[in-house]
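Atoms within each ligand, like the ligands themselves, are counted from 1 in listed order. Since the model is a prediction, treat every value here as computed from it, not as a measurement. All residue numbers refer to positions in the sequence shown, counting from 1.
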Amino acid sequence: MCGIVGYVGDSDAVPFLLEGLGRLEYRGYDSAGAAVLNHGKIEIRKAVGHVSSLVEEIKSHPVSGTSGISHTRWATHGGVTLENAHPHRDASGKLALVHNGVVENHKDLRTELESRGHVFASQTDTEVISRLIGEAFDGHGDKSRDGLVEAAREALQQVRGTYAIGVLHEDLGDFLLAARRGSPLALGLGDGGQFLASDPAAIAGWASNFVYLNEGEIAWLDGKKFEVAGIDGSAPAPVVVRSMEKAAKAGTKGKFEHFMQKEIHEQPESLREAMRGRLIADQGTACFHGIERSPEELRQWETLIFTGCGTSFNAALAGEYIIEFLSRVPVECEIASEFRYRNSPLEMGTAVFALSQSGETADTLAAMREIKRRGAPTFGICNNPFSTISRESDGGIDLRAGQEVGVAATKSFTSQVLVLTMLGLMLGRMRDLRHTEGKKILSALEKLPDLVAETLEVDEVVRRIAKKYAASESFLFLGRQANFPVALEGALKLKEISYISTCAHPSAELKHGVIALVNESTPSIFIAPRDELFEKNLSNIEEVKARNGPVIAVGTQGDDVLADLCDDVVLVPACEDFLTPILTVLPLQLLAYHIGVELGCDVDKPRNLAKSVTVE
Ligand code: F6R
């Protein structure tokens, strides 16, 4: 959460700062700000709202200079106000700082600083860092760039919590300081200048190479060179310079109105990419370069634990059903924010997979680190192979879904479920899944992208259904087996995009309490494909209809029973039972999208959300 961009070099920093921030809006969009060194003085511009408001502010009050730092905020401490927008100054006013993360001991530090005469200008936790660094710098005899590095080290040793920071000081010319603990930060290296960015995608096209800062590292840079060291004075890890070409490129909407819409329609392609080179036709199995373990080692995996948050957790849950069905390997799914603090037993023979589109989610990363500390093998399933989870895990699987800009996860969900299905196939083929069965599954997988494309043709049908029900105040989502996680995902999509209250349950849970919510104005959405539990779902639908509840069903093409019974039906092509979640979720993504549009919501940037949740 929160995005940082910095620039130092030969050109005007402002265009880089503004465009870079625009590319980072997925990390937060409550307010934005920039500090630019203009003829030896730091000038700050801030605006509440999206980065476009900051662009307008700078148009009205122009500023330029060859170094600067900028920030797009997702509020944690302190309301969404101009004072709380970053950058924040120190007591002298000569230092400006941007921050992504949370200072856990900010209250104590604030009290100490106040007792030394500091008067805070904001309610943020961040301002304690700018003030601490400024105070240490001003207290030092050394007013050089090295002096600022020393001051930052001294100050950061007092800070508990997470941070990625960018710092500019008006006495030190074109010079930026950066540090990282818990929140991501990269240095971008270009010919005419150098950059700081929370995500290399923010500076794609400008920097040719980039370097990720590692945990606990501090860096300082001018337009030509950079240095990295441990905050605590320790030697840094060897610097790995990566080519910018491999970083995800910032996307455009193309012919679509919204990124979410585009990303929903990209799924045939993203699923093809997820399978490319990973299916071994003659052996009827799958393989992943990121999980290079001998068959003997893989056979020793007796239990898998999947951990993640939000949509990634829902995908994990679908994976649990599918993998247990295909391979008979027991799977447990754990919500990362709970798992990280639970004293859960970790048997030998357990492999842990951290699922995260961004690869930066704070809770998922922390859960993975805790497991790694306990000695179990950890794997990341991420959409960014350079993300912190990908880099810190023992191996993993790249989702290859392409950059997902819409805050609501769509194509990453189907790629996660597909990758887990392939993992199930691989593990199954090492156990009891026969060659012929493996080949059958493989050929079903190969057909999947075309079935997804066919399913997406329901777009217009779903748009009409969305119009009909958009005014409803709440929705129920119900499904069984691997389509129960689809119900969870459909409910999550709808609530985050349209702010409508939703809940999701296994269909059979209806009569254990949920049915009390059924009335004439609360639609129930049943995910009821023609699988082995179809009849059971039908009975549950009857129960809702008997109480006059409107029912929208997602079923299988050719199904007229549902059409007779339900108020509205969306049909998806027939496929193997274990593949249905990848098809049935599509009408639910479309429904959330169209209801959001119908209600005039900002579907790509829903209120209060951010795409990359890098705080706990
Ligand atoms: C829902 C959504 C969130 C994320 C969650 C985890 O549409 O986007 O629920 O799924 O914040 O994010 P990642 O997958 O990046 O770890």
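Between Lys253 and Glu257, no side-chain nitrogen of the basic residue sits less than 4.0 Å from a carboxylate oxygen of the acidic one, so the salt-bridge criterion is not met. In this structure, Arg607 does not pair ionically with Asp602, as no charged nitrogen and carboxylate oxygen lie closer than 4.0 Å.
Atom 11 (O) of ligand 1 has as its closest protein heavy atom Val613 CG2, 3.7 Å. Regarding atom 7 (O) of ligand 1, its nearest protein heavy-atom neighbour is Glu496 OE2, 2.4 Å. Of the protein's heavy atoms, Thr361 OG1, 2.4 Å lies nearest to atom 16 (O) of ligand 1. Here the heavy atom of the protein found nearest to atom 6 (C) of ligand 1 is Cys309 O, 3.3 Å. Among protein heavy atoms, atom 8 (O) of ligand 1 sits closest to Val407 O, 3.2 Å. For atom 15 (O) of ligand 1, the closest non-hydrogen atom of the protein is Ser358 OG, 2.7 Å. Scanning all protein heavy atoms for the shortest distance to atom 10 (O) of ligand 1 gives Thr311 N, 3.0 Å.
Checked by atom type, the side-chain pair Gln261/Tyr593 shows a donor-acceptor distance below 3.5 Å. In summary, the side chains of Gln267 and Gln589 do present a donor paired with an acceptor at a separation below 3.5 Å, with no hydrogens or angles considered. For the residue pair Asn537 and Ser507, a side-chain donor N or O sits within less than 3.5 Å of a side-chain acceptor on the partner. Side-chain contact of Asp398 with His289: a donor-acceptor pair under 3.5 Å is absent, judged by distance alone.
Between Phe256 and His265, the ring planes lie parallel to each other; the angle is under 30°, not in the 30° to 60° tilted range. Between Phe475 and Phe477, the ring planes are tilted. Angles from 30° to 60° get that label. Classified by interplanar angle (parallel below 30°, tilted 30° to 60°, perpendicular above 60°), the ring pair Phe379/Trp301 is tilted.
For ligand 1, one of its N or O atoms has an N or O atom of Ala409 under 3.5 Å away. Considering both main-chain and side-chain atoms, Thr364 never comes within under 3.5 Å of ligand 1 through any nitrogen or oxygen pair. Residue-to-ligand polar distances keep Gly310 apart from ligand 1: every N/O pair is separated by 3.5 Å or more. Considering both main-chain and side-chain atoms, Gln416 never comes within under 3.5 Å of ligand 1 through any nitrogen or oxygen pair.
Look at Asn314 and you'll find every heavy atom at least 4.0 Å from all atoms of ligand 1. The closest approach between any non-hydrogen atom of Gly308 and ligand 1 is not below 4.0 Å. Using a 4.0 angstrom heavy-atom cutoff, Lys493 counts as in contact with ligand 1.
The atoms of ligand 1 that sit less than 4.0 Å from any heavy atom of Ala408 are 7 (O). Against a heavy-atom cut-off of under 4.0 Å, Ser312 is close to the following atoms of ligand 1: 10 (O), 13 (P), 14 (O). Residue contact check: Gln357 has heavy atoms under 4.0 Å from atoms 13 (P), 14 (O), 15 (O), 16 (O) of ligand 1.
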> Please walk me through it: do Lys605 and Glu25 pass salt bridge (charged side-chain N to carboxylate O under 4.0 Å, His left out)?
Replying inline: CA-CA 8 Å; Lys605 294 187 188 122; Glu25 269 196 312; 2.8 Å; yes

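Screening Gln357, Glu496, Gln416, Lys493 for a side chain to side chain donor-acceptor pair (under 3.5 Å) involving Thr311 leaves a single residue, Lys493.
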